Amino acid sequence: MRVPKEGEFITIQSYKHDGSLHRTWRDTMVLKTSECSLIGMNDHTLVTEADGRRWVTREPAILYFHTKYWFNIIAMIREKGVSYYCNLASPFVLDEEALKYIDYDLDIKVFPDGEKRLLDVDEYEEHRKEMHYSGEIDLILKENVKTLVDWINNEKGPFSDEYVETWYQRYQQLSRR
């Protein structure tokens with residue numbers, strides 16, 4: 001698999017545990033790839049839901065994906081500050097078609113003032129039973145919630161102001177090319 005270069009655009013596809021397509025983002029700009037991670041940028045990006053509904057993202061957002069962690073992070077750059085949306089999800093894979101991962105429903109939202117909310121617990125429990133998540137997956141996800149909360153509390157990685165500033169500036173440079 002050819003790894004996309006910075007400045008190139010990729011498609012992102014999220015799936016559900018049963019293999020069904022959940023959501024697709026078109027034209028995410030790649031800002032950086034490494035052996036284990038990919039950092040991308042969405043800005044007025046077309047999103048298509050599984051049922052065919054389409055919408056466009058409202059603000060610039062820096063995306064963080066990893067091959068070892070069971071989450072991905074979206075840093076949304078808004079007038080009132082940066083908000084984060086964290087998806088509990090499988091590590092990503094990249095193929096010729098898209099960057100792909102399985103979305104496991106649980107989400108953590110972090111507001112500009114630092115308030116954190118665990119979202120979609122009911123949806124997670126419903127899908128866990130319906131799609132037969134294994135005990136192992138359930139444990140992995142709960143452990144990754146702890147890792148994510150630690151990153152948030154300690155402003156690690158995507159949760160630091162420097163990270164957001166650095167990658168937003170890089171996006172602006174690449175956009176001017």
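Along the sequence shown, residues carry numbers from 1. Hydrogens, waters and symmetry mates play no part in the numbers below; they use all other heavy atoms, side chains included. As the structure is a prediction and not an experimental result, all values here were calculated from the model.
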I137 and side chain to side chain contact (heavy atoms under 4.5 Å, CB included): which single residue from H132, R128, H17 fits? H17
Stepwise, does the salt bridge (charged side-chain N to carboxylate O under 4.0 Å, His left out) test hold for D107 with R117? CA-CA 8 Å; D107 303 302; R117 279 194 208 146; over 6 Å; no
Single-linkage hydrophobic cluster L38~M29, side-chain heavy atoms < 4.5 angstrom: no
Do the charged groups of D51 and R53 touch, with an N to O distance under 4.0 Å? yes
Return yes if some donor-acceptor pair links the side-chain N/O of S175 with the main-chain N/O of Y171 below 3.5 Å, else return no. yes
The single option from T24, L63, D27, L94 passing side chain to side chain contact (heavy atoms under 4.5 Å, CB included) against I12: L63
May I ask you to check whether T57 and N42 show a side-chain donor-acceptor distance below 3.5 Å? no
Within the 3.5 Å criterion, strictly below it, is a donor on D43 or Y168 matched to an acceptor on the partner's side chain? no
With Y104 as reference, evaluate Y133, Y124, F71, Y15 under the ring pair (Phe, Tyr, Trp, His ring centres under 6.0 Å) test and give the passing residue. Y133
Salt bridge present between R23 and D103 (N-O < 4.0 angstrom): no
Determine whether a donor-acceptor pair (N or O, by modelled atom type, separation under 3.5 Å) exists between the side chain of Q169 and the backbone of T166. no
Going by ring pair (Phe, Tyr, Trp, His ring centres under 6.0 Å), Y69 matches just one of Y101, F92, W151, Y64. Which one? W151
Between D138 and K142, does at least one N-O distance fall below 4.0 Å, as a salt bridge requires? yes
Is there a donor-acceptor contact under 3.5 Å linking the side chains of E49 and W55? yes
